[in-house]
Participant: 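This is the structure I have questions about; it appears just below.
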Amino acid sequence: MEFDLIARHFTRATPGAVLGVGDDCALVSPTPGKQLAITTDLLIEGRHFMPQDGPAGLGHKTAAVNLSDLAAMGATPRWATLQIALPATNDAWLAAYARGLFRMLDAHGCELVGGDTTRADVLTFGLTVFGEIEPGCALTRGGAKPGDDVWVSGLIGSAALALAYRQGRLFMEQIHAAKVLPALYLPTPRVELGQALVGLASAAIDVSDGLCADLGHILTRSGVGADLDFAAIPVHEIAHDYLHEPAAIEAILAGGDDYELCFTAPAQQRTAIEAAAQSLGVRVSRIGATRDTPGLVVRNAHGEAIPLARTGYDHFAA
Ligand code: ADP
Ligand code: MG
């Protein structure tokens with residue numbers, strides 16, 4: 001039964017592996033001389049997704065949030081293993097989940113080579129992804145230098161605006177909400193951008209817990225501070241209608257789930273970064289700069305510091 005399920009939904013040809021699903025272990029041959037970048041993320045019903053969320057979107061998100069971590073290191077995705085805990089089996093649901101998962105994995109050349117499947121009370125998915133990177137080239141959180149530019153990819157806050165709308169914390173016109181909901185359900189990991197930033201960026205992170213919280217990790221690890229210009233933070237055009245709402249400002253500065261990259265780079269890399277992003281069709285924006293004194297300040301158009309009550313999502317906050 002469990003084996004049928006694995007065979008039907010999660011067993012695919014894996015030309016990039018020596019041995020894929022079906023034995024006690026998968027076997028892979030990493031490219032000689034490369035380092036492995038390894039990361040894992042859990043998605044738990046009731047915490048990371050809701051029972052009514054569609055399975056194909058969940059499959060997409062399971063892959064996207066993990067590929068986003070590889071992106072933030074500049075690594076090239078190669079292999080993945082999938083852990084599923086589920087209360088009951090529903091074939092059509094799992095087929096749609098697998099479709100969403102494989103579409104995202106296939107788009108980035110990442111092969112599912114194994115996993116584990118078990119019955120449990122709470123529907124849970126975990127994916128571990130393995131990427132490759134040239135030794136010494138990974139974009140860690142610790143490399144920012146004072147005076148570096150702070151950049152972000154894409155648009156910031158869209159996923160959190162959608163979540164605030166869905167949770168009733170922010171009123172939005174339905175046609176506006178419809179424009180930001182895809183950012184929450186179908187995030188785009190910036191895998192190619194991450195790879196292109198190797199050698200250009202000094203530090204990088206993906207925005208999963210909130211812009212200020214995630215940038216804060218770079219700052220702490222690098223021993224620098226930063227000043228950001230709120231007006232320079234790229235937001236969806238519909239967000240401008242809601243900027244008088246504290247919930248909207250909070251979504252942009254402290255909301256998570258965008259899976260965009262936030263990175264730092266020396267000013268002399270500006271042209272190269274813009275060219276790389278343009279060739280990939282990804283928007284990048286310079287939103288501030290780092291400084292040698294610690295702290296993070298976001299200023300409004302009048303140069304006043306915006307109070308940061310909550311900088312991001314803390315899984316263990318009371
Ligand atoms: P074992 O008991 O040796 O751990 P399992 O019965 O758990 O083996 O799994 C059988 C095979 O199916 C293994 O190759 C395992 O990696 C793979 N597998 C199990 N669950 C999944 C899954 N959800 N996705 C992909 N592969 C899976
Ligand atoms: Mg097992």
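When reading the values below, keep in mind they use all heavy atoms of this one structure, side chains included, and skip hydrogens, waters and symmetry mates. Numbering of ligands and ligand atoms starts at 1, following listing order.
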Participant: Answer yes or no: are there more than 12 heavy-atom neighbours, outside Gln174 itself, under 6.0 Å from its atom CD?
Facilitator: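 12 or below, so no.
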Participant: Quick one: which ligand 1 atoms are inside 4.0 Å of a heavy atom on Asp23?
Facilitator: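 So the atoms of ligand 1 that pass are 13 (C), 14 (O).
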Participant: With a cut-off of 3.5 Å and sequence neighbours excluded, list every side-chain donor-acceptor pair involving residues 235-242.
Facilitator:
from: His236; atom 1: ND1; to: Ile238; atom 2: N; distance (Å): 3.1
from: Tyr242; atom 1: OH; to: Glu173; atom 2: N; distance (Å): 3.0
from: Tyr242; atom 1: OH; to: His176; atom 2: ND1; distance (Å): 2.5

Participant: Using a strict 4.0 Å cut-off to heavy atoms of Phe10, name the atoms of ligand 1 that fall inside it.
Facilitator: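 Per the distance check, 24 (N), 25 (C).
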Participant: Check whether Ser153 reaches the backbone of Leu261 with its side chain - one donor and one acceptor, N or O, closer than 3.5 Å.
Facilitator: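 It does hold such a pair.
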Participant: Between Gly20, Ala26, Gly115, flag the one that comes closest to atom 27 (C) of ligand 1 by a heavy atom.
Facilitator: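 It is Gly115 that holds the nearest heavy atom.
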Participant: In the structure I gave you, are the side-chain heavy atoms of Arg190 and Glu260 within less than 4.5 Å of one another anywhere?
Facilitator: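 The answer is yes; the side chains approach within 4.5 Å.
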Participant: Can you list the residues that meet the ring-ring contact (aromatic ring centres under 6.0 Å, His included) rule with Trp79, with sequence neighbours excluded?
Facilitator: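 Scan of Trp79 (ring-ring contact (aromatic ring centres under 6.0 Å, His included), adjacent residues dropped) gives none.
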Participant: What part of Val113, side chain from CB on, backbone N/CA/C/O, both or neither, has a heavy atom under 4.0 Å from ligand 1?
Facilitator: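 For Val113, there is no contact with ligand 1 at all, from either part.
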Participant: What residue among Leu94, Val122, Thr118 forms side chain to side chain contact (heavy atoms under 4.5 Å, CB included) with Leu86?
Facilitator: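 Passing option: Leu94.
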Participant: Can you tell me which portion of Ile6 lies within the under-4.0 Å heavy-atom range of ligand 1? Options are side chain, backbone, both, or neither.
Facilitator: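 The answer is the side chain.
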Participant: Under 4.0 Å from a heavy atom of Ile84: give me the atoms of ligand 1 that qualify, with their elements.
Facilitator: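 Numbered from 1, ligand 1 contributes 23 (N).
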Participant: Taking only heavy atoms of Thr117, which atoms of ligand 1 are found under 4.0 Å from at least one of them?
Facilitator: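 The list of qualifying atoms is 19 (C), 20 (N), 21 (C), 22 (C), 23 (N).
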